Amino acid sequence: MNEAHARIYAAIAAIPRGRVASYGAIAARAGLPGRARLVGKLLGETPEGMILPWYRVLRSSGQVALPTGSRGFREQCRLLRAEGVVVKNGRVPLASFGMDANLDRALWGMPD
DNA sequence: CGTCTGACCAGTG
DNA sequence: ACACTGGCCAGAC
C-alpha cells in the first residue's frame, strides 16, 4: 500500500451513494490524471472483505467493466440497483447518475 | 534489462 | 454504433 493506492481508495470511498464515477475520473481525483488503468488494477486485487464502494466505478462510457454475465458483473448491477441506480444492458446513463450530472438533476429532478 | 498484460481513455475515421 | 491507435504504468516473468 503506497501513497497512490491510498489516494485512489479515498477517491472511491468518496463517491456518494446512488452515484457513479469513471476510472479516469477517480484517477484524476486522486491526483493521478491519465492513470485509469492503475485504478482498475487496484480494484482487481482488492481483497474480498474490503469495505469499499468498488461497484460505483464504471468505464467512461457508463459500461460495467467486468465481463458481461460474470459473477462480479451481476453483483455490481445488483448493488447499484439496490441504491437506485439504473443499469440497462450492463450500462448506466452517466448523464443522470454520474458525479458531474448536477445540471441534469437541477433541470429534471432525477435521482438524489 | 525487455515483454506482456490489464475492472482504462480520448481521439480519429 | 464500431475498430484502431497511442498513451498510461505497476507487476509478473
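Please read these numbers as outputs of a predicted model, since none were measured by experiment. We name chains A, B, ... by the order of the sequence lines, and we start the count at 1 in each one. Side-chain atoms are counted along with the backbone in the values below, which use heavy atoms only and exclude waters and symmetry mates.
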If you apply the rule side chain to side chain contact (heavy atoms under 4.5 Å, CB included), what do you find for A/L58 with A/Q76, and how did you get there? CA-CA 10 Å; A/L58 308 168; A/Q76 181 160 18; 3.6 Å; yes
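Spacing of C1' atoms, B/dT5 relative to C/dC8, comes out at 13 Å, to the nearest Å. Comparing the P positions of C/dC13 and B/dA7 gives a spacing of 15 Å, expressed to the nearest Å.
Sorted by first and then second residue, the pairs that involve residues 82-94 of chain A and meet side-chain hydrogen bond (donor to acceptor under 3.5 Å, both in side chains), not counting sequence neighbours, are A/Y55-A/E83, A/R56-A/E83.
Take the nearest nucleotide of DNA chain C for A/P33 and for A/H5: the residue whose nucleotide is more 5' is A/P33. Comparing A/K41 and A/R37 by the nucleotide of DNA chain C that holds the closest heavy atom to each, the one mapping nearer the 5' end is A/R37.
Between the CD atom of A/E3 and the P atom of C/dA10 there is a distance of 14 Å, rounded to whole Å. Here the P atom of nucleotide C/dC9 and the CD1 atom of A/I8 are 12 Å apart, to the nearest Å.
Within the 4.0 angstrom heavy-atom criterion, only backbone atoms of the sugar-phosphate kind lie near A/G34; the bases stay farther away. Among the atoms of the strands shown, only primed sugar atoms or phosphate atoms (P, OP1, OP2) are found under 4.0 Å from some heavy atom of A/S22.
In 5' to 3' order, the nucleotides of DNA chain B bounding all contacts with chain A (an atom under 4.0 Å from a heavy atom) are B/dG6 to B/dA10.
The side-chain heavy atoms of A/L80 and A/V92, taken from C-beta on, include a pair separated by under 4.5 Å. For the pair A/W54 and A/L79, the minimum side-chain heavy-atom distance is below 4.5 Å.
Pairing each heavy atom of A/A21 with each of A/I15, the nearest pair is CB-CD1, 3.9 Å.
A salt bridge links A/E3 to A/R7: at least one charged side-chain nitrogen sits closer than 4.0 Å to a carboxylate oxygen.
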